[in-house]
Amino acid sequence: MSPDRQMPDVDLATVVSLLDDEHVRSILAATSETPLSAAELSERCGVSTSSIYRRLDRLTDAGLVGERTRPRSDGHHETVYVSRLERFELTVHDGELAWDIDRESDDIADQLTNMWGKF
């Protein structure tokens, strides 16, 4: 896992519990494409907005989803959510279980460094 002071420590049981939920997986997949509001996620995933918010709270606490602000045409703004989960890997080898998780940072400096590294 890449060190990042802004990312909370998360244990394997928490990650597995989250990923065991089909609606969490739908949220992660949808927000990996484009930032979405809770209302948009509710419509897209076919789950009530309150259920979406409960899952988003758990995902945010684990550092698997981040929040952004999206301006609206009426001058107001809304919170949208974006997946931070890039990779989750579980390995079982020689009687040992190991796991690794890569999460994208919201830090603009980290994002620029990652983009520069892709050139």
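Keep in mind the model is a prediction, meaning the values are calculated, not measured. Only this structure's heavy atoms are used, side chains among them; waters, hydrogens and symmetry mates stay out.
- Pairs engaging residues 25-38 under the side-chain hydrogen bond (donor to acceptor under 3.5 Å, both in side chains) rule: Glu33-Arg44, Ser37-Glu40 [sequence neighbours left out].
- Salt bridge status for Arg70 with Glu78: present, with a side-chain N to carboxylate O gap under 4.0 Å.
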I'd like to know whether Val82 forms a side chain to side chain contact (heavy atoms under 4.5 Å, CB included) with Glu104, so could you lay out the CA-CA distance, the side-chain angles of the two residues, the decisive distance to 0.1 Å, and finally the verdict. CA-CA 10 Å; Val82 61; Glu104 184 177 301; 5.8 Å; no
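- Side-chain contact check for Thr91 versus Glu96: every heavy-atom pair is 4.5 Å or farther apart.
- We find the CZ-OG1 distance between Arg68 and Thr79 to be 12.5 Å, quoted to the nearest 0.5 Å.
- For His76, the side chain to side chain contact (heavy atoms under 4.5 Å, CB included) partners at least two apart in sequence or on another chain are Arg72, Asp74.
- Ser51 pairs by the side chain to side chain donor-acceptor pair (under 3.5 Å) definition with Ser48, Arg54, not counting sequence neighbours.
- The distance from the CZ atom of Arg58 to the CG atom of Leu18 is 4.5 Å, given to the nearest 0.5 Å.
- Using the six-membered ring where Trp is involved, Tyr53 and Tyr81 have ring planes that are perpendicular, over 60° apart on the 30 and 60° scheme.
- Leu19 CG to Leu90 CG: the interatomic distance, rounded to the nearest 0.5 Å, is 10.5 Å.
- Summarising the geometry, atom NE2 belonging to His23 is positioned 8.0 Å from atom CD1 belonging to Ile52; distances are rounded to the nearest 0.5 Å.
- Residue Leu97 holds its CG atom at 6.5 Å from CG of Leu12, rounded to the nearest 0.5 Å.
- Each of Val80 and Leu28 belongs to its own hydrophobic cluster when Ile, Leu, Val, Met, Phe, Trp and Tyr are linked at side-chain heavy-atom distances under 4.5 angstrom.
- The heavy-atom pair separating Val15 from Phe88 by the smallest distance is CG1-CE1, 3.5 Å.
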As a quick check of understanding, evaluate side chain to side chain contact (heavy atoms under 4.5 Å, CB included) for Leu41 and Arg55, giving each step before the final call. CA-CA 11 Å; Leu41 284 166; Arg55 287 168 173 90; over 6 Å; no
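- With rounding to the nearest 0.5 angstrom, the CZ atom of Arg84 is 13.5 Å from the CG atom of Asp102.
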